[in-house]
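Working notes, structure below.
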Amino acid sequence: MNLTDKFSYMATGAPYNDLDSELVEARRVATLKTTALNIATGTEKESLFRQLVGKAGESPVVEPNFRVEFGRNIRVGDYFYANYDCVMLDGAPITIGSRVLFGPKVGLYTSNHLFDAQERELGGCIAKPITVGDRCWLAANVTVLPGVTIGAGTIIGAGSVVTHDVPAGVIAAGNPCQVIRAITAADQTGFTGKQFKLSL
């Protein structure tokens, strides 16, 4: 079974050997790539990001220190922004929509060790995909666990641990993360993006 087939198998949610030599090497290569990415600037940085992930839309920005497990299972839409110290463990696919914002220290973790101690010691893991919809904002220190889908436009409050799906258009927070309320027109402030254009 080649590496592509192994990733396809892992995406099914079936147990796999996390200590497989090809997976270990793929992690090593991803670490080298993210190390180069984290010291790069400008167009070189965007180019290195595109080489790292499976797919990237227009104008992605990732601040240092950005880390992934493999990279190839990550797909991001247009204008993706990840603040400092973002980690994505992509044993299964991670799909992120357009105009998504991540605060500092956001972590998306598709993989989990098996619960039985002996199986765990043998390298047993499972992975389930994570999806983040368009225009979401995940605030600082948010943790997203395997198998979670976050609906479009939703805000996840700082420090939350997202253990299950969150619908679109809401504010949710906590550990475990729970919906607090819907985002409504009352949340609009009148901001137009021109507020710093001062007349002197």
Side-chain angles (χ1 to χ4, degrees), residues 27 30-54 56-71 73-112 129-166 168-180 183 187 189 191 193 195-196:
R27 285 189 201 94
T31 298
L32 293 174
K33 287 182 176 181
T34 54
T35 298
L37 171 67
N38 287 324
I39 62 173
T41 58
T43 57
E44 180 191 15
K45 184 166 190 168
E46 182 173 331
S47 175
L48 289 171
F49 180 75
R50 291 183 184 283
Q51 293 171 42
L52 174 68
V53 301
E58 187 173 344
S59 302
V61 176
V62 291
E63 305 290 358
N65 287 305
F66 180 75
R67 293 293 180 189
V68 301
E69 185 174 10
F70 303 109
N73 295 322
I74 298 169
R75 285 161 177 73
V76 303
D78 297 333
Y79 306 108
F80 170 65
Y81 177 78
N83 212 320
Y84 299 103
D85 298 321
C86 178
V87 177
M88 297 189 201
L89 301 188
D90 57 311
I94 294 176
T95 305
I96 298 169
S98 293
R99 300 184 183 275
V100 171
L101 303 175
F102 284 179
K105 299 181 185 292
V106 165
L108 276 61
Y109 306 113
T110 68
S111 301
N112 204 2
I130 291 173
T131 302
V132 179
D134 293 343
R135 292 183 158 184
C136 285
W137 170 28
L138 278 57
N141 291 292
V142 166
T143 297
V144 182
L145 297 183
V148 165
T149 294
I150 299 173
T154 282
I155 298 169
I156 306 295
S160 297
V161 179
V162 189
T163 60
H164 58 273
D165 292 355
V166 181
V170 300
I171 299 171
N175 181 7
C177 187
Q178 303 289 333
V179 173
I180 296 171
I183 299 170
D187 292 305
T189 65
F191 181 74
Q195 276 71 2
F196 283 121

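Keep in mind that what you see is a predicted model, and the values were worked out from it rather than measured.
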| task | With sequence neighbours excluded, give me every ring-ring contact (aromatic ring centres under 6.0 Å, His included) pair touching residues 133-165. | result | none
| query | Quick one: OG1 on Thr34 to CZ on Phe66, what's the gap to the nearest 0.5 Å? | reply | 8.5 Å
| Residue pairs fulfilling salt bridge (charged side-chain N to carboxylate O under 4.0 Å, His left out) with at least one residue in residues 36-47, sequence neighbours excluded | Glu46-Arg50
| query | Taking all atoms of both residues into account, what is the closest heavy-atom pair of Pro146 and Asn112, and its distance? | reply | CG-CB, 4.3 Å
| Would you say the side-chain atoms of Thr110 pair up with the backbone N or O of Leu89, donor to acceptor, closer than 3.5 Å? | yes
| task | Decide side chain to side chain contact (heavy atoms under 4.5 Å, CB included) for Met88 and Ile96; before the verdict, give the C-alpha distance in whole Å, the side-chain angles of both, and the deciding distance to 0.1 Å. | result | CA-CA 11 Å; Met88 297 189 201; Ile96 298 169; 3.6 Å; yes
| field | Flag, side chain of Asp165 to backbone of Thr149, donor-acceptor distance under 3.5 Å | value | yes
Side-chain donor/acceptor pairs under 3.5 Å, residues 171-180, sequence neighbours excluded:
none

| Would Val87 and Tyr109 satisfy side chain to side chain contact (heavy atoms under 4.5 Å, CB included), going step by step from the backbone distance to the final call? | CA-CA 8 Å; Val87 177; Tyr109 306 113; 3.8 Å; yes
| field | Set of residues satisfying salt bridge (Lys or Arg N to Asp or Glu O under 4.0 Å) with respect to Lys33, sequence neighbours excluded | value | none
| remark: Nearest heavy-atom approach of Gly57 to Pro60 is O-CD, 3.5 Å
| Gap separating the CG atom of Leu48 from the OG1 atom of Thr35, nearest 0.5 angstrom | 11.0 Å
| Taking every non-hydrogen atom, the tightest pair across Ala92 and Pro129 | CB-N, 3.6 Å
| query | Just by distance, do the side chain of Ser98 and the backbone of Asp78 share a donor-acceptor pair under 3.5 Å? | reply | yes
| What's the spacing between Asn83 CG and Lys105 NZ if we round to 0.5 Å? | 10.5 Å
| Does OH in Tyr81 sit with more than 12 non-hydrogen atoms of other residues, nucleotides or ligands closer than 6.0 Å? | yes
| said: Among Val166, Leu101, Ile183, Val170, exactly one meets side chain to side chain contact (heavy atoms under 4.5 Å, CB included) together with Ile155. Which residue is that? | reply: Ile183
| remark: Tightest non-hydrogen contact, residues Phe102 and Cys86, listed as CD1-SG, 3.9 Å
| said: Restricting to side chain to side chain donor-acceptor pair (under 3.5 Å), what partner residues turn up for Arg135, sequence neighbours left out? | reply: none
| message | Rounded at 0.5 Å granularity, tell me how far CG in Leu138 sits from CD1 in Ile156. | response | 5.5 Å
| query | What pairs with Asp90 under side-chain contact (heavy atoms from CB on, under 4.5 Å), at least two apart in sequence or on another chain? | reply | Val68, Glu69, Phe70, Asn73, Ile74, Ile94
| request: Kindly assign one of parallel, tilted or perpendicular to the pair Phe80 and Phe49, based on the angle between their ring planes and the thresholds 30° and 60°. | output: parallel
| query | Could you give the distance from CG (Asp85) to CZ (Arg67), rounded to the nearest 0.5 Å? | reply | 10.0 Å
| Closest non-hydrogen atom pair, Cys136 against Gly151 | SG-O, 3.0 Å
| message | Return the CG to CG distance between Leu37 and Asn65, rounded to the nearest 0.5 Å. | response | 9.5 Å
